[in-house]
Protein chains: 2
Amino acid sequence: MGRGITIEDVARAADVSRQTVSRVINHSPRVSPSAKARVEEAIATLGYVPSLAARSMGGGRSGVLLAVFPESQTGSGTAQELGGMLLAGSAACGAQGYRLLFEPLCAAAGDPGAAAKLAGTIGALQPEGVILLPPLDRAPELRKLLDSRGIPRATLPGSEAASGNAGEAAARRLIELGHRQIGYISGPGDPQRSERWLAGYRRALAERDSRAHRHFVAEDQPGLCTALDLVRALLVPTIRPTAIITERADTALAVLHVARSLKLAVPRDLSLIALAEDPELVTCDPPIAALHRPVAALFAGACERLMAARKTADDTAVSAELPLELTLELIERPSIARAPRAI
Amino acid sequence: MGRGITIEDVARAADVSRQTVSRVINHSPRVSPSAKARVEEAIATLGYVPSLAARSMGGGRSGVLLAVFPESQTGSGTAQELGGMLLAGSAACGAQGYRLLFEPLCAAAGDPGAAAKLAGTIGALQPEGVILLPPLDRAPELRKLLDSRGIPRATLPGSEAASGNAGEAAARRLIELGHRQIGYISGPGDPQRSERWLAGYRRALAERDSRAHRHFVAEDQPGLCTALDLVRALLVPTIRPTAIITERADTALAVLHVARSLKLAVPRDLSLIALAEDPELVTCDPPIAALHRPVAALFAGACERLMAARKTADDTAVSAELPLELTLELIERPSIARAPRAI
DNA sequence: TTGAAAGCGCTAACAC
DNA sequence: GTGTTAGCGCTTTCAA
């Protein structure tokens, strides 16, 4: 097994030329069934896998998708999101014989070096498509670079704010259920996002003339423990929120415990909704509703879009950024219910 | 910018042959300083980056490190760990001009298809080194394959159990501090690991003839909320643990709150230690001690070992698995203290 | 110290 | 439908 099976070996085994083998593995229609069958068998028995390097050098498709992410990822949830995208993206790409590569890039938005570095990476890898992960998707020089090179690019749908504000959506839903006193617990995480969601929550309340409970936690993102202290303080008085929104799943879980220790039943006395999804939210009692931004799924979708773009348009046109639907999904679970008649 | 800058362009600009350029970028000693200088300047001004594909095809180093992970990663902490490794590994590799690629592989340990698939990936990528992420590192057929191909491989040090049992280490430390009644809260996560740690905890207690509080949570991994209920039940009676170990960081944080709501001071009345590190553990009050397995750092170390192996040994010998030190680090923080004299 | 030649595995473009 | 030819960008081996 010196250097691996090559197309030549397959060609010999199937008694055809290299080109025919090439046609088969590239799904060219102009191959006779018999030849195709023999080639496929040879491929299977020999365990042949085309060399990525040779393939991309020959001028064909490299079979590589590139995802660039900001270098200095510091948030705590970030690694998790990244991991989720890696998992989902790899699965999606692998299913179509593609490979997915993650590369860090300087986070500084306007950094001119970033574009240069991306150019280098592109030259080295010849990716068939590039996914710009936030906040890189907002860097015009990167987009321009990709466009000028004719490389399809994609971004996570809805990263541009407007399209999905979880805080607002959650608040609206609770208001719809008759709640008027709604607490909001921001948890550690991306502060900018937190602020946006909090603003959305305020907006929803203002529109419907609902009074938010004053003690929601805002600017300073409290740790889990501090947040729980606040929640307890919030829930002890007779006049208390009938619903609480938490940014993080673990906070919601802990709030459930606090409520229980205070003899408050969920959802009878208190509705609970988390702005992040987590398997534990399903298994607790009662299961907690969540507003979920399926980042991993969206990412996988972006990969698929890119792979499809290559097949159809080829060099005709650079794939536009078709925004996917489903950017934010409300997962209803027993932890939310209509507000009690009176407080 | 049709297809990118090639070595030819650089050679022309520096007025030398391609070989000379090649020598420069490969740090060959046999290049005259003047030529070297001109080449380097040309590279800089042209923004030349060697094509990975051409390079690996020419028979040289591909500049690619491959990390394979089990396909069906289901644990909730897993994505986070994976993301952390991606972050740390990319940084380490990027610093030396390497690229890091993550590929999923069937999880089933003995799956014969896994080896075949890995062989294919190797053929396609020609990686210079492969990192087998647990539990893939225990698959002999994969190791064998890599060895037979002469590809350096690495695994995360200490994944083989023995070297680091966080449960045991934490228990020992607490016993050392005089604690005898120690609770253990297993949290959702890798059940196997959980079981090992729990066993280690039991072992430590048994050795020192300490009595674990019976109500620790074992086999069934409770959700956060359930765990808190249990902790509360544990802490209410007069006879209660003087220390609690939690597998997850968020559980520790929440336990801190529970203790507080029960008027128990940490660490005066209760010592607390988490078996996972998290930024929040530092910011809470008091900061909570943690036993941390720096997976990301270990992974980056593995990458570095692989890159070094290529430079020195080349094809002489496949790099052995030098276990790193520092596989488990105890981060002392104010949440642990000597046990109170009497209970 | 440098250059010329050959070839890595594959795919486009062109023949047949 | 199929085989032939000519590279892709680089590195190795050999000559100078």
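Reminder, nothing fancy here: chain letters follow the sequence lines and each chain counts from 1.
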Measure the distance from [atom1] on [X] to [atom2] on [N] and round it to the nearest whole Å.
| X | N | atom1 | atom2 | result |
| --- | --- | --- | --- | --- |
| B/L125 | C/dG9 | CG | P | 15 Å |
| B/R18 | D/dT12 | CZ | P | 14 Å |
| B/R12 | D/dC10 | CZ | P | 12 Å |
| A/I7 | D/dG3 | CD1 | P | 12 Å |
| A/R38 | D/dT2 | CZ | C1' | 11 Å |
| A/L52 | C/dG9 | CG | C1' | 12 Å |
| A/M57 | D/dA6 | CE | C1' | 12 Å |
| B/E8 | D/dT11 | CD | C1' | 14 Å |

Where each residue is assigned the nucleotide of DNA chain C containing its nearest heavy atom, which of B/S32 and B/A54 is assigned the position nearer the 5′ end?
B/S32
Under 4.0 Å between a side-chain N/O of [X] and OP1 or OP2 of [N], yes or no?
| X | N | result |
| --- | --- | --- |
| B/T20 | C/dT1 | no |
| A/R55 | C/dG9 | no |
| A/S56 | C/dC10 | no |
| B/S17 | C/dG3 | yes |
| A/S51 | C/dC8 | no |

To the nearest 0.5 Å, tell me how far [X] [atom1] sits from [Y] [atom2].
| X | Y | atom1 | atom2 | result |
| --- | --- | --- | --- | --- |
| A/L52 | A/S62 | CG | OG | 6.5 Å |
| B/E71 | B/K117 | CD | NZ | 5.0 Å |
| B/S51 | A/I122 | OG | CD1 | 13.0 Å |

Pairwise side-chain contact, B/E128 with B/V64, heavy-atom cut-off 4.5 Å (strictly under)
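The answer is no; the side chains never approach within 4.5 Å.
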Side-chain heavy-atom pair A/I7, A/S22 within 4.5 angstrom cut-off
yes
Five-pair end axes of the helix from C/dT1-D/dA16 to C/dC16-D/dG1 and the angle they enclose, rounded to 10°:
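About 30°, once rounded to a multiple of 10°.
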On a heavy-atom basis, which atom in A/L133 and which in A/A67 lie closest, and how many Å separate them?
CD2-CB, 4.5 Å
So which heavy atom on A/F102 is nearest to which on A/M85, and how close?
CZ-C, 4.2 Å
If you only use heavy atoms from C-beta on, which nucleotide in C/dT2, D/dG9, D/dT2 is closest to the side chain of B/T6?
D/dG9
Of all the choices, D/dC10, D/dT2, C/dC10, which nucleotide is nearest to the side chain of A/V31 once you look at every atom?
D/dT2
What nitrogen or oxygen pairs link the protein and nucleotides 12-16 of chain C at under 3.5 Å?
unit_1	atom_1	unit_2	atom_2	d
C/dA12	N6	A/Q19	NE2	2.1

For A/F69 together with A/F299, are the ring centres under 6.0 Å from each other?
no
Name the nucleic acid region contacted by B/A53, choosing base, sugar-phosphate or nothing; use a 4.0 angstrom heavy-atom cut-off, strictly under.
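The answer is nothing, as B/A53 stays clear of every strand by at least 4.0 Å.
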NZ/NE/NH1/NH2 to OD/OE distance under 4.0 Å, B/D147 and B/R153
yes
If we ignore angles and hydrogens, is there a donor and acceptor under 3.5 Å between the side chains of A/R99 and B/T121?
yes
